[in-house]
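Quick note on labels: first sequence line is chain A, next is B, and so on, each numbered from 1. Note that the coordinates shown come from a computational prediction; the quantities given were computed from them, not determined experimentally.
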Amino acid sequence: MHIMEGFLPIEHAVGWSVAAAPFVAWGIRSVNRRIRENPEQRMLLGVAAAFTFVLSALKLPSVTGSCSHPTGTGLGAVLFGPAAMAPIGAVVLLFQALLLAHGGLTTLGANIFSMAVVGPFAAYGIFALARRLKASLAVSVFLAASLADLLTYVTTSVQLAWAFPDPVGGFGASFLKFAGIFALTQIPLAISEGLLTVVICNALARF
Amino acid sequence: MSVPLLQLEDVHYRYPDGSAGLAGCSLSVSRGSRNALIGANGSGKTTLFQHCNGLLRPATGRVHYAGTPVDYGRAGLRALRSKVGLVFQNPDRQLFSASVREDVSFGPLNLGLSDATVAARVEAALQAVGMDDLAHKPVQNLSFGQKKRVCIAGVLAMEPELLVLDEPMAGLDQAMQEELLAVLDGLHRRGMTILLATHDIHFAYRWADRIHLMAAGRCCASFDAPALAGHEAELAAIGLRLPSVIGLERQLRQRGLLRGAPPIHSCSALLAQLQQEDC
Amino acid sequence: MSVPLLQLEDVHYRYPDGSAGLAGCSLSVSRGSRNALIGANGSGKTTLFQHCNGLLRPATGRVHYAGTPVDYGRAGLRALRSKVGLVFQNPDRQLFSASVREDVSFGPLNLGLSDATVAARVEAALQAVGMDDLAHKPVQNLSFGQKKRVCIAGVLAMEPELLVLDEPMAGLDQAMQEELLAVLDGLHRRGMTILLATHDIHFAYRWADRIHLMAAGRCCASFDAPALAGHEAELAAIGLRLPSVIGLERQLRQRGLLRGAPPIHSCSALLAQLQQEDC
Amino acid sequence: MLIEQSAYANRWRGVAPQAKGLFALGGVTAAFVAAATPAAGLGVAALLAAVTIGGARVSPLLYLRVAAPALFFLAISALSLAVSVDGGGLQATAAGTHQAAVVATRSLGALAALLFLVLTTPLSDLIALLRRLRTPEVLLDIMVLCYRTLFVFAAALQDMRAAQAARLGHLDRSRLLRSLGQMAAHLTLQVWQRSHALHLAALARNNDGPLRFLGSRHPHARRDAGLAGVAALALVLLAWSGR
């Protein structure tokens, strides 16, 4: 779920950009190191970004019957590592704004924070934790992908609620409003994305 | 004349991005025949093929299969796609599974057949394309020509009546082309109707019963292959020349070097004929 | 005889995964010549090409360029790669930028040339392949044949002495093939040495000065193209037959139908000759 | 992709990207400046849309189709801003409605500025602009490769979907999910194959570092940027006076 262009007040737009910047900067340093060790990584990152972009344009059959798009951050974090996903995700989100008018430039920072920082790190952390708790690969992958998707959307709801506290109920009421509205599409999507990622990983494991 | 197996009538189709696909295309394929569709890249061959099994639906115009109009409901498409098998050009974009057997089973499993039936069909299909020895191999270790044959097996396992192949010879070296040709000949002998796209007029003249010319989204001429010589103008209109074997045969007959043989379809056949009559 | 431009001597190479690449391959390409390398898929053509500009380094054996052994240090590779331009088979795996001009500028910029020089070279290269009118289009809107020409322009802009092309004709329809052939002829007239891989013995016989046969990782025969008729056995060993035009020409000469013309390289040329002598 | 089509076909395609970037920046600024007064904000949005459709000759229908998803998001979000949960019921408050109006007009204005930029400027030009703005090199490399490769992948995906549908892989939801998973896995493998092939191709063209390209020339870049700067300034001043 992308926050559209111009939706956030200027302080919030700048604030989230400042919040996302260190993660992207750290990611850039980390991938620069990888490229120095192995120059082929330069191509891999670009192709991986295209892969993520295309994957997120895939229409998923959702449990409720509607169709929606996966974020792809869970799979990306497991395949390419959460550090690489910050710059990759930043480029993908920029492209979604520039090629699809999906998201925006002033809201790029906020969207990067939820989708290219929180999502991948959550996915990676949940995956590692689940594996340590001896969950099967399929269960770990499902939890990582679907919970990362959910956390992304919770983050977005927090961002919106923080920017627009409810005049009556304040932040809490506003959060419930945003989270409630988007839950309709996001929870079935999170489940679909989890299932899809499991199918992908099962298929990959057989190659 | 009996009802054609597949018939397109004045089909128009335009892609969502605005590019033209088909513009008044009509085509008729009769049961048991070998059909070659000739046209340049971008003339609409692939779009036409996707109409043959309902992947695309005409904006206007009609598609008939075995005399009845195609039903684009779920059941109708299911029936049509199980009867019209479509083999795409690039094997890397139609093989998804890790192993050959698994990939070939994809279609029949989707038909909802029992495991035993599927297994039997998979083996039969692999045998038909001469890949039964390699069935356990991972797909990515196969050569390009072998992958093409797996693609064909994957469609054969659905036991279609009409096999549609997009540029089956492209990218194959001579040995692979001959192997593939043998596979197609075998299928044709067993009654399969075949429609394939090619750039290669020589190949079409040698192989097909019927030739269809395509340009700018429509089928601009259809005729029996032996009558190719009479269609020089239509060929020229799409930038092709008559295969030189036709002219050579004519020249040699004029000079009395070839006797009552039937029309000859390739330069190598012509050479063989000359050598034989020489003895 | 002058020193060959490129020479491989008894090159062996094995891929890290254990599959064989080259097994004692020797090849010599002389300056200004047109060379066709013929071999089945998997015979090692691509591996050989990657040795031509130092992408792969022989395990044993030597590669010489213009008489001196290749230096695999950084500076040596830079020099070699600016002189030997390599065009891969699949355009989608070698074009980096969606903008045609940007992509063509990639190589010359890597050579460290000034922006003005690069700009001039880009225009010249686009003109040489006939793509200057289409350079404003994004790569994704170009046809397959046009993309191939962009790939060639990207290499030409580095102004190499030797142009190496892997299966340049694969996947092109007849019109595109003729366009590409015209491009190659233009380059050859301007003194470029060309080495290309092909499956197609007819094309090689028609186009090349020199033919190299390849099988199982080695170059098993090299000869001047007009001498092809004398190498029937070597061709047969790699599963190919002589182009039928050779046999036809021989038959017709025996019968006194062709007079003192030089060797004829294609059936259509043979037909033209017959028709001409007929008048 | 509709935006792509328009970016390559509009009347202002040849205008220097820095000029268009400057004007879009002015548009966004004006949208934020004017937002306190919804009428002024709407004026900014309308003006930007008019410039895009009238000046750059972008088809109005295409404009609407591109804007539709964002407008849908805006409608839902603005609605949720306008109403408050009070006790057990929903009610619209004056403060909420005002906030919704402010946010909606600001978003419309900023969206119109973004659409102006992307509908008139090919992505290659925008990447070249980011290069001039000293974006980190590795991000630029990712962008260039991503832009090129995403079309390759999109075409592959389209072909694979057709091939699966032809073998009845999309008949029902569970088959569809399985087919999509296999397809995505197949595409995943290609990530490594393709990046290896691109690496070899780059080496063959003597590359041993960041990917460098010659930017396209814009003969009137300075004049364009000057005009765009004046227009942007005028737009911001207009928004300022109207709020």
Residue part contacting chain D, namely of A:Leu55, when any heavy atom lies under 4.5 Å: side chain

Do D:Gln190 and A:Val47 have side chains that approach each other closer than 4.5 Å (heavy atoms only, starting at C-beta)? no

With a 4.5 angstrom heavy-atom cut-off, which part of D:Leu81 approaches chain A: side chain, backbone, both or neither? both

Side-chain touch A:Arg42/D:Pro210, heavy atoms, less than 4.5 angstrom: yes

What's the separation between atom CZ in D:Arg106 and atom CD1 in A:Ile10, rounded to the nearest 0.5 Å? 8.0 Å

Trace of the side chain to side chain contact (heavy atoms under 4.5 Å, CB included) decision for D:Val191 with A:Phe80: CA-CA 11 Å; D:Val191 170; A:Phe80 311 115; 4.2 Å; yes

Just wondering, do D:Leu157 and A:Leu58 contact through their side chains at under 4.5 Å, heavy atoms? yes

Side chain from CB out, backbone as N, CA, C, O: work out which of these in A:His102 comes under 4.5 Å of a heavy atom of chain D, or both, or neither. neither

Decide yes or no for D:Val138 and A:Pro87: does some side-chain heavy atom of the first lie under 4.5 Å from some side-chain heavy atom of the second? no

Between A:Phe7 and D:Leu111, is there a side-chain heavy-atom distance shorter than 4.5 Å? no

Interface check, chain A: of D:Ala24, D:Gly209, D:Ala94, D:Ala78, most non-hydrogen pairs under 4.5 Å belong to D:Gly209

Is it true that, when you exclude A:Phe171 itself, more than 12 heavy atoms of the residues, nucleotides or ligands shown sit nearer than 6.0 Å to its CZ? yes

Counting only heavy atoms closer than 4.5 Å, note whether D:Pro136 contacts chain A via side chain, backbone, both or neither. side chain

I need the residue from D:Ser107, D:Gly181, D:Ala197 with the largest number of non-hydrogen atom pairs under 4.5 Å to chain A. D:Ser107

Output for pair (A:Asn32 CG, D:Glu137 CD), nearest 0.5 Å, gives 9.0 Å

Nearest 0.5 Å please: distance from the CZ atom of A:Phe178 over to the OG atom of D:Ser77. 6.0 Å

Side chain, backbone, both or neither of D:Thr121 within contact of chain A (heavy atoms, under 4.5 Å): neither

Heavy-atom nearest pair, A:Val54 first then D:Ala154, reads CG2-N, 4.1 Å

Let me confirm one number: the CG-CE distance from D:Leu211 to A:Met43, rounded to the nearest 0.5 Å. 5.0 Å

Would you mind checking which part of A:Ile35 comes under 4.5 Å of any heavy atom in chain D, side chain (CB onward), backbone (N, CA, C, O), both or neither? side chain

Tell me, side chain or backbone of A:Val91 under 4.5 Å from chain D's heavy atoms, or both, or neither? side chain

With a 4.5 angstrom heavy-atom cut-off, which part of D:Ile127 approaches chain A: side chain, backbone, both or neither? side chain

Picking from D:Val66, D:Leu115, D:Leu189, which has the most non-hydrogen pairs under 4.5 angstrom with chain A? D:Leu189

Proximal component of D:Ala31, with respect to chain A [non-hydrogen, under 4.5 Å]: neither

Looking only at the aromatic ring of each residue, does the gap between the centers of A:Phe53 and D:Phe153 stay below 6.0 angstrom? no

If you count heavy-atom pairs under 4.5 Å between each of A:Leu99, A:Leu94, A:Val199 and chain D, which one has the most? A:Leu99

Just so I know, are the side chains of A:Leu98 and D:Tyr147 near enough to count as touching, which here means a heavy-atom distance under 4.5 Å? no

Pairwise side-chain contact, D:Leu150 with A:Phe95, heavy-atom cut-off 4.5 Å (strictly under): yes

Of the listed D:Thr188, D:Val144, D:Val28, D:Leu139, the one with the largest count of heavy-atom pairs under 4.5 Å with chain A is D:Thr188

Looking at CG of A:Leu44 and CD1 of D:Ile142, how far apart are the two atoms once the value is rounded to the nearest 0.5 Å? 10.0 Å

First locate atom CG of A:Asp166, then atom OG of D:Ser80, and finally report the distance between them rounded to the nearest 0.5 Å. 9.5 Å

Other residues, nucleotides, ligands: >12 heavy atoms within 6.0 Å of A:Phe23 CZ: no

Relative to chain A, which segment of D:Arg161 carries a heavy atom at a distance below 4.5 Å: side chain, backbone, both, or neither? side chain

Considering only heavy atoms, which portion of D:Leu200 lies under 4.5 Å from any heavy atom of chain A: side chain, backbone, both, or neither? neither

In this structure, are over 12 heavy atoms from other groups packed under 6.0 Å from A:Phe121 atom CZ? yes

Closest non-hydrogen contact found for D:Ala185 with A:Ala203 is CB-CB, 3.5 Å

Can A:Leu196 and D:Leu177 be said to form a side chain to side chain contact (heavy atoms under 4.5 Å, CB included), step by step? CA-CA 6 Å; A:Leu196 177 73; D:Leu177 194 70; 4.2 Å; yes

Tell me, side chain or backbone of D:Leu126 under 4.5 Å from chain A's heavy atoms, or both, or neither? side chain

Quick check: closest heavy atoms across D:Leu114 and A:Gly103, and the distance to 0.1 Å? CD2-O, 4.0 Å

Nearest heavy-atom contact between D:Gly96 and A:Pro167 is N-CG, 3.9 Å

Taking CH2 in D:Trp192 as the centre, count heavy atoms belonging to other residues, nucleotides or ligands within less than 6.0 Å. Is the count above 12? yes

A:Ala101 and D:Ile3 have their tightest heavy-atom pair at N-CD1, 3.5 Å

Most heavy-atom pairs under 4.5 Å with chain A, out of D:Glu4, D:Arg178, D:Met143, belong to D:Met143

What part of D:Leu130 is in contact with chain A, defined as an atom under 4.5 angstrom from a non-hydrogen atom: side chain, backbone, both or neither? side chain

